[in-house]
Amino acid sequence: MAAWIIIVDDDIMNLKSAGQILSKNHMRVTALRSGQALLDYLGSNDFPDLILIDVNMPGMDGFETLRRLREMEAGREETPVIFLTAADDQETEITGFQLGAMDFIHKPF
C-alpha cells in the first residue's frame, strides 16, 4: 500500500507542485488549504503516514496547527510532521523542532 501524505498549504501552486512530485513517486496525497481544514479532516478520518504543512498561513499558522494536532493525538502515536517554509531563519526551525516537527523543507521545492 502506498504511503499516505497530507499536504497543508494556503498556496494552490505549492499544493499542486508537491502533490505532483509525491504522486509521481507512488504516494497517496491529500491536499488541504488551511490548518483548520486539516484538523476538521482528521476529526472524521484516519491519520496519514506523514503531514507536510506550511508554517505561514492566514488564520491558524503551521505551529498552532501542530500544537492542536498533538492535542488530538493524545493517547495515540504521533503523526510525523515536516514543515514547509520559505523562511530561512534559525528561530523558525528551533520553534518547529521544539513543537515536535521531524524536519523542514525549504520552498521553493
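Remember, it's a predicted structure, so these values are computed and weren't measured experimentally.
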Problem - L32 CG to Y41 OH distance, which is reported to the nearest 0.5 Å - result: 7.0 Å
Problem - Flag if over 12 foreign heavy atoms under 6.0 Å of CE, M72 - result: yes
Handout entry: ILVMFWY network linking L15 to V29, side-chain heavy atoms under 4.5 angstrom
Key = yes
Handout entry: Single-linkage hydrophobic cluster, 4.5 Å side-chain cutoff, V55 and I94 together
Key = no
Practice task
Could you grab the distance from atom OG1 of T79 to atom CZ of R70, nearest 0.5 Å is fine?
Solution key: 6.5 Å
Fill in the blank from the handout: Heavy-atom closest pair (G35 atom, T65 atom, distance to 0.1 Å) is CA-OG1, 3.3 Å
Practice task
Give a yes or no on whether the backbone of W4 and the side-chain of D49 come within a donor-acceptor separation of less than 3.5 Å.
Solution key: yes
Handout entry: Contact check, side chains of L38 and I51, non-hydrogen atoms, under 4.5 Å
Key = yes
Practice task
Spell out, yes or no, whether L42 and F63 are grouped together once hydrophobic residues are joined by side-chain heavy atoms under 4.5 Å, including indirect joins.
Solution key: yes
Handout entry: Pair K107 + D9, salt bridge at N-O below 4.0 Å
Key = yes
Handout entry: CA sep, side-chain torsions, deciding dist, call: D54, D11, side-chain contact (heavy atoms from CB on, under 4.5 Å)
Key = CA-CA 9 Å; D54 186 18; D11 185 314; over 6 Å; no
Problem - Separation of L66 CG from L99 CG (nearest 0.5 Å) - result: 5.5 Å
Exercise for the section: Name all residues meeting the side chain to side chain contact (heavy atoms under 4.5 Å, CB included) criterion together with F97; count only those two or more places apart in sequence or in a different chain, and write none if there are none. Expected result: E93, D103, F104
Handout entry: Closest contact, heavy atoms only, I5 versus M27
Key = CD1-SD, 3.4 Å
Fill in the blank from the handout: Smallest heavy-atom separation, T85 atom then A87 atom, equals OG1-N, 2.9 Å
Fill in the blank from the handout: F83 and G96 have their tightest heavy-atom pair at CE1-CA, 3.8 Å
Fill in the blank from the handout: Between the CD1 atom in I82 and the CD1 atom in I53, the distance rounded to the nearest 0.5 Å is 12.0 Å
Handout entry: Between CD1 on residue I6 and CZ on residue R28, distance to nearest 0.5 Å
Key = 8.5 Å
Handout entry: Electrostatic pair R67:E71 at N-O distance under 4.0 angstrom
Key = no
Exercise for the section: Run the numbers on V8 and M57 for side-chain contact (heavy atoms from CB on, under 4.5 Å), then give the verdict. Expected result: CA-CA 9 Å; V8 183; M57 295 182 289; 3.9 Å; yes
Exercise for the section: For the pair H106 (side chain) and L84 (backbone), establish whether a donor and an acceptor sit closer than 3.5 Å, ignoring hydrogens and angles. Expected result: no
Exercise for the section: To the nearest 0.5 angstrom, please state how far the CD atom of Q36 sits from the CZ atom of R68. Expected result: 6.5 Å
Exercise for the section: May I ask you to decide if I21's main-chain N or O and N25's side chain share a donor-acceptor pair within less than 3.5 Å? Expected result: yes
